[in-house]
Amino acid sequence: MPEYLPTAPAKGTRDFLPAEMSVRTQVFGHLYDVLELRGFLRYDGPILEPAEIYERKSGQEIADQQLYTLTTKGGERLALRPEMTPSVARMIAGNAKALQFPVRWYSHPNCHRYERPQRGRVREHWQINADIFGSDSANCEIEIFELIHDMMTALGATPDMFQVRANDRNLLSSALTDIVGVTAEQLPQVFTLVDRWEKSDRTKLSDTATEIGLTEKQFEKLAEILSSGTALLDELPEQVKENSNLVKVLNSGAANLIKFDPMIVRGLAYYTSTVFEVFDTSPENRRALFGGGRYSDLASLFTSQQIPGIGFGMGDVTLIDFLDTHGLTPKPRSEADVVVIPVVEELTDAAREVAGRLRKAGLRTSTPVELRKLGKELTRADKAGARAVVIVGQEDWDAGNVTVRGLATREQQTVAVDGVVTAVNSLL
């Protein structure tokens, strides 16, 4: 017996059969439309990048644990992109002289991370990235938050189904140093601790805090400020708040778009101020869906020109989970709207002519590639999801006519070939 290769995809990757691909195409099509309406332009880049750009800017977890790397025959170390932001920063820096800032760009790359596959996490995923480059204005934050709400609304979500939780790393740094008494050396480790706050139990958090060097009193104070919400802002220095774009958003008419949450940190090392995550509010899927933030110096890897930016990455795995949880997942589209069936092989050319008329009218139309008996073709058209068939018989065709049948009602009528588009549209 021959030894066949496995048909399953590699661990952590997925196949998308036509029905699932139809759902994805519909979902992402809605999101593209929202982005384009707001003036975002689509770009793309290579799936391979120098490993160094992730090792220097994406954070220790990605660089040390999740990066797929390879060495070329020429000795160059490359990596499969785990995210798009360093790539777009490189592209922005390389083309800065030709760009009119600020710019709004978006992309839909596939990304790779070596993770333990589980609900919401795989090793290859697709995500929509949206960024604004070249402005420090708080209006960028407002536009990004509005964009998120518009995108979620376009998918059928209502405001009660999700929540945008936002923070400012500078506000948190001030709280940690001025209120908790964290030293500058301890700050990066405490940020990591805060990022894991809702994912770990109290004992583990306390043990980690002790390892960092925090006293029990400092740990209790840390827990207090993380749960204090907007009350924390009253305890922070005025100068720190004046420099915060997030505070400006909270004092604007856009405050209702977000909830201030001191626990939002984001693990990626390049975020410098505003950070945010979008959460599903359903008890069945209470988790972060996607997130992003502001970076003031990401392009510094490639240029001395300071190019600030803000953006987010919306991953496909958690997004589809969200839609499934709330019953918002669209149904797969049928194979065709209408099928044109020649009764005999000699009428194949005639069927193609009729199908051409229907396609020019924007109707998704198919014809049999291997002609079978009419009854079998009607059954196949029904299973393919078509709502109408056009039957091309010899006697009708000689008279310049065809038969149009509705598959749901089984009613049919003979119409002139010139009227076939109108007749089919009346059934759809």
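Keep in mind it's a predicted model, so treat the numbers as computed, not measured. We're numbering straight along the sequence, starting at 1.
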> Any donor-acceptor pair under 3.5 Å linking the side chain of Arg165 with the backbone of Glu277?
Replying inline: no

>> Between Asp321 and Asn285, do the side chains contain a donor N or O and an acceptor N or O under 3.5 Å apart?
In response: no

>> Does Glu370 form a salt bridge (charged side-chain N to carboxylate O under 4.0 Å, His left out) with Lys376? I'd like the steps, not just the answer.
In response: CA-CA 11 Å; Glu370 292 183 358; Lys376 289 185 176 181; over 6 Å; no

> For residues Thr158 and Asp160, is any side-chain donor paired with an opposing acceptor at under 3.5 Å?
Replying inline: yes

> Do Leu222 and Val194 pass the side-chain contact (heavy atoms from CB on, under 4.5 Å) test, and can you show the C-alpha distance, the side-chain angles, and the key distance before you say yes or no?
Replying inline: CA-CA 9 Å; Leu222 174 61; Val194 173; 4.2 Å; yes

> Are more than 12 heavy atoms from other residues, nucleotides or ligands located less than 6.0 Å from atom NZ of Lys259?
Replying inline: no

> Is there a side-chain contact between Ile320 and Leu323 (heavy atoms, below 4.5 Å)?
Replying inline: yes

> Should the ring pair Tyr295 and Tyr271 be called parallel, tilted or perpendicular, given that the plane angle runs from 0 to 90° and is split at 30 and 60?
Replying inline: tilted

> With side chains defined as the heavy atoms from C-beta onward, is the minimum distance between Val390 and Val338 less than 4.5 Å?
Replying inline: yes

> Is the shortest distance from a Lys or Arg side-chain nitrogen in Arg14 or Glu20 to a carboxylate oxygen in the other one below 4.0 Å?
Replying inline: no

> Is a side-chain donor-acceptor pair under 3.5 Å present for Asn139 with Glu143?
Replying inline: no

> Should Pro82 and Leu67 count as side-chain neighbours, where that means a heavy-atom distance under 4.5 Å?
Replying inline: yes

> Are the side chain of Asn129 and the backbone of Gly313 linked by a donor-acceptor contact shorter than 3.5 Å?
Replying inline: no

> With sequence neighbours left out, what residues match Glu146 under side-chain hydrogen bond (donor to acceptor under 3.5 Å, both in side chains)?
Replying inline: Arg38

> Taking Ser426 for the side chain and Ala423 for the main chain, is one N or O donor matched with an acceptor at less than 3.5 Å?
Replying inline: yes

> Going by heavy atoms in the side chains, are Pro368 and Pro342 under 4.5 Å from each other?
Replying inline: yes

> Do Arg169 and Phe191 meet the cation-pi criteria used here (NZ or CZ under 6.0 Å from the six-membered ring centre, within 45° of the axis)?
Replying inline: no

> Does a side chain donor of either Asn170 or Ser244 reach within less than 3.5 Å of an acceptor in the other side chain?
Replying inline: no

> Quick one: are Pro9 and Glu124 in side-chain contact, heavy atoms under 4.5 Å?
Replying inline: no

>> Check this for me: Glu242, atom CD, are more than 12 non-hydrogen atoms of other residues, nucleotides or ligands nearer than 6.0 Å?
In response: yes

> Which pair of non-hydrogen atoms, one from Ser107 and one from Met84, has the smallest distance, and what is that distance?
Replying inline: OG-CG, 3.7 Å

>> Glu83 vs Tyr54, test: side chain to side chain donor-acceptor pair (under 3.5 Å). Steps then yes/no.
In response: CA-CA 9 Å; Glu83 54 166 331; Tyr54 306 114; over 6 Å; no

> Between the main-chain N or O of Met161 and the side-chain N or O of Thr281, is there a donor-acceptor pair closer than 3.5 Å?
Replying inline: yes

>> Using modelled atom types and a 3.5 Å cut-off, is there a donor and acceptor pairing between side-chain atoms of Arg405 and backbone atoms of Leu378?
In response: no

> Within a strict 4.5 Å, meaning less than it, do heavy atoms of the Glu377 and Val339 side chains meet?
Replying inline: no

> Any side-chain donor-acceptor pair under 3.5 Å between Asp316 and His108?
Replying inline: no

> Can you tell me if Arg81 uses its side chain to pair, donor with acceptor, with the backbone of Pro46 under 3.5 Å?
Replying inline: yes

>> Nearest 0.5 angstrom please: Gln306 CD to Asp136 CG, how far?
In response: 7.0 Å

>> Can you classify the ring geometry of Tyr68 versus Tyr114 as parallel (below 30°), tilted (30 to 60°) or perpendicular (above 60°)?
In response: perpendicular

> Sub-3.5 Å donor-acceptor pair from the side chain of Thr303 to the main-chain atoms of Ala93, do we have one?
Replying inline: no

>> What verdict does the salt bridge (charged side-chain N to carboxylate O under 4.0 Å, His left out) test give for Glu141 and Lys248, after you've listed the backbone C-alpha separation in whole Å, the side-chain angles of each residue and the deciding distance to 0.1 Å?
In response: CA-CA 10 Å; Glu141 270 85 347; Lys248 293 174 184 175; over 6 Å; no

> Which residues pass the ring pair (Phe, Tyr, Trp, His ring centres under 6.0 Å) test with Trp105, sequence neighbours left out?
Replying inline: Tyr43

> Any side-chain heavy atom of Phe40 sitting closer than 4.5 Å to one from Ile132?
Replying inline: yes

> Should the pair Tyr32 and Tyr106 be assigned to parallel (<30°), tilted (30 to 60°) or perpendicular (>60°) ring geometry?
Replying inline: tilted

> What are the two closest non-hydrogen atoms of Ala166 and Phe145, and how far apart are they?
Replying inline: CB-CZ, 4.3 Å

> Is there a donor-acceptor pair closer than 3.5 Å between any side-chain N or O of Arg77 and the backbone N or O of Ala51?
Replying inline: no

> So, the side chain of Asp337 versus the backbone of Arg364: is there a donor-acceptor pair under 3.5 Å, distance only?
Replying inline: yes

> Just by distance, with hydrogens left out, do Thr365 and Arg357 show a side-chain donor and acceptor under 3.5 Å apart?
Replying inline: no

>> Is it the case that the side chain of Thr329 and the backbone of Asp324 share a donor-acceptor pair, with hydrogens and angles ignored and the cut-off at 3.5 Å?
In response: yes

> Is the count of non-hydrogen atoms from other residues, nucleotides or ligands lying under 6.0 Å from Arg24 atom CZ greater than 12?
Replying inline: yes

> After noting the C-alpha distance and the side-chain angles of Ile148 and Phe290, does the key distance pass the side-chain contact (heavy atoms from CB on, under 4.5 Å) rule?
Replying inline: CA-CA 10 Å; Ile148 290 170; Phe290 61 93; 3.9 Å; yes

> Do the non-hydrogen side-chain atoms of Leu319 and Leu289 ever get within less than 4.5 Å of each other?
Replying inline: no

>> To the nearest 0.5 Å, what is the distance between CD on Gln127 and OG1 on Thr85?
In response: 7.0 Å

